[in-house]
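Presented below is the structure to which this report refers.
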Protein chains: 2
Amino acid sequence: MTLNTSGYLPHIAYDSVIFGFSGEKLKILLIEYHNTGWLALPGGFVKVNEPLDEAVKRGLRERTGLDQIFLEQFYTFGSLERVKPEIMKKILTAHDKDISDDHWLLDRFISVGYYALIDYDKVEPTPDALSDSINWYDVDQIPELLFDHNFIVKKALDHLRTHLDEKLLSVNLLPERFTMKELQQVYEAILGEKLNRANFQRKMLSLGILDRHEKLYSGGSHKAPYLYSIKKKG
Amino acid sequence: MTLNTSGYLPHIAYDSVIFGFSGEKLKILLIEYHNTGWLALPGGFVKVNEPLDEAVKRGLRERTGLDQIFLEQFYTFGSLERVKPEIMKKILTAHDKDISDDHWLLDRFISVGYYALIDYDKVEPTPDALSDSINWYDVDQIPELLFDHNFIVKKALDHLRTHLDEKLLSVNLLPERFTMKELQQVYEAILGEKLNRANFQRKMLSLGILDRHEKLYSGGSHKAPYLYSIKKKG
DNA sequence: TACTATTGTTTCAATCAGAAACAATAAACT
DNA sequence: AGTTTATTGTTTCTGATTGAAACAATAGTA
C-alpha cells in the first residue's frame, strides 16, 4: 500500500534540458541549489492527478514564463547509481528544512528526460524554491553536475542531433522570422561542425516548408538577406 | 511518506513489445489474462532495489527463457487516460484474489516502453502468474488490447522502423547465420514494403559488417545462397 | 563610379540509388 | 551428358543527390 502526503507521485521525477541559442552558441539552463554551489538540470515531480507531459510543461512555465514551446521526451533513466540520497538530504537541509530520514524525496527515483527548444531572447529565467539561480551555460562548457545529469545532457544532445532534420526542428530556437544564416548557425552549433553555405541553402529550400518574406536591411554594406519563417499548414 | 509492502515501486511499470520473425511475418508476443479473454503486452514492475533495465530483462527471461537479447527503451507513457483501475480490478479478481480498493496495483501508473528483438525459433513462450497464455500475433493483425497497449505497439513499430539501419539492428531477429534473402524478408516485414533485391544486397554488403560463410545447399534446383553473420568486433 | 562584404544561384563533378540486364549454379528433367 | 529452371550474385545504365567552387546580385562605403 502506498501513502504519499506530498501530493506528488513518489519515485518519479523529470529532468529537462532546455536549449537556447545566443551569440552563435547553443546553451542550456542550469540551476544552482541554495547554499551549496551545486549545479543541476531543472527538474521536478509529477502530481498525483497530473499527466507526465503536463508536469514538465508546468516546470518550464514556472522557470521560463513560456507556455507554447517545443518539448520532447527522449529517455527515462532508471539505474540505481543515479540515486544519491545523502546529496539530496544536504540539498534539503541547506534549504534549512527539517527533513526526516524517510522523507519521500530521499527515496529512489526514476527520472524521465525531456528537452525543450526555446527562443533565448523571449526568456527571463526564474529560479525555483530550492535554487539560488538559474543561468545559461554553453553546451560545450558544461561544468560538473549533480547525480547523472551530465549523462542526461549528453543523451539529450545526441537525440537532438539525430532528430535535427525532422520538420526543421531547429527553428524552435529562433524567433518567428530568421535569416538563412541564422538557421545555418543553429545547425552548426548543434552539430558542432561547419556546413557549406550553398548546399545548406539548397537543402533548406528544397524542403518546401519555408516562406520567404521581405529583406532584412541591417545597415551592413552588402546584399541584404531575406527573412524566412516556417510555412503555416494549409 | 511512502509505504509499499509489495516490494515493488508503486506507480511505475514497464511494457515490452517483443518482436519475432517467422514465416516471412513480423510478430509480437501478447498475453491473455486469466478468465477474461483480454489481451495485453507482457509487462511488469520494478523492485525497490532493482535497476529499471534489469526489471525488464527479468520479465523477458521469465517469459522467453532468453537472457542475452536485444532490448531497447523507446518511450515512457504518462498520460492519465491510460490508467483504468476498474479494469485492473477485474483482472485481479478474475485471478481470484481478494483485492482491497486501495491495493497498489489500482493506483495510477506511468509505464516505460521497451522493445526486444528475438530469434523466434529459440523461444518457448511461458505465461506468467496472471495470464492464461502467451502467443505470437502478426503485427499487421493485432487485435484490440487493454489500456493504451495498441498505441504502445504503434510507437514501438515506429521506433523500430526509424532505427532499422543502425548497425543492422534487424539481425537480432535471425539466427546466428542467415541468407541475404532472409535478411531482406526481415526488412520487408518491418518496413511493410518490397525492396529491390540487387540494391538491398549492395547496400548490406557496403556496410562492411557482414562475414560471408559457406553456401547453404537447401536442395532446391538453383544456385545456393551464401550464409552471412555479423562481423565480430576486432 | 569603383570597391567590399555578404547573399542568392548556378555549374560541374563525384557519389549514391533504382531498375534492369547479365552471369553463375544447384538440382531436376530429358 | 546436355538442357532446362529457379534463384542468387554481380554489373551496367540511368537519373537523382551531394559537395565544392564559381558566378551573379546588391547594400552600403570610399
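Chain identifiers are assigned alphabetically (A, B, ...) following the order of the sequence lines, protein sequences preceding nucleic acid strands; residue numbering begins at 1 within each chain.
Side-chain atoms of Leu60(B) and Leu66(B), non-hydrogen and from C-beta on, never get closer than 4.5 Å to each other. With a 4.5 Å cut-off on side-chain heavy atoms, Arg82(A) and Ser111(A) count as touching. Side-chain contact between Glu214(B) and Leu227(B) is present, with at least one heavy-atom pair separated by less than 4.5 Å.
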- line: Nucleotide by nucleotide, nucleotides 21-30 of chain C touches protein heavy atoms under 4.0 Å in the pattern (B base, S sugar-phosphate only, - none) ---BBBBS--
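Residue Glu124(B) places its CD atom among 12 or fewer non-hydrogen atoms of other residues, nucleotides or ligands, all under 6.0 Å distant.
Counting only heavy atoms from C-beta on, Lys181(B) has its side chain closest to dT8(D) among dT8(D), dT9(C), dT10(D).
Pairs passing the ring-ring contact (aromatic ring centres under 6.0 Å, His included) check and including a residue from residues 168-192 of chain A, sequence neighbours excluded, read Tyr187(A)-Phe200(A).
Exactly one residue among Ile69(A), Ile118(A), Leu41(A) makes a side chain to side chain contact (heavy atoms under 4.5 Å, CB included) with Ile18(A). That residue is Ile118(A).
Taking 3.5 Å as the limit, the base of dA20(C) and the side chain of Asn196(B) contain no donor-acceptor pair of atoms between them. The base of dG9(D) is not paired with the side chain of Arg202(B) by any donor and acceptor separated by under 3.5 Å.
Under 4.0 angstrom from either OP1 or OP2 of dT9(C) there lies at least one side-chain N or O belonging to Gln201(A).
Note on Lys203(B): nothing from the nucleic acid sits closer than 4.0 angstrom, heavy atoms only.
Across its full length, the helix from dT1(C)-dA30(D) to dT30(C)-dA1(D) shows an angle of 30° between the axes of its 5 terminal pairs at either end, rounded to 10 degrees.
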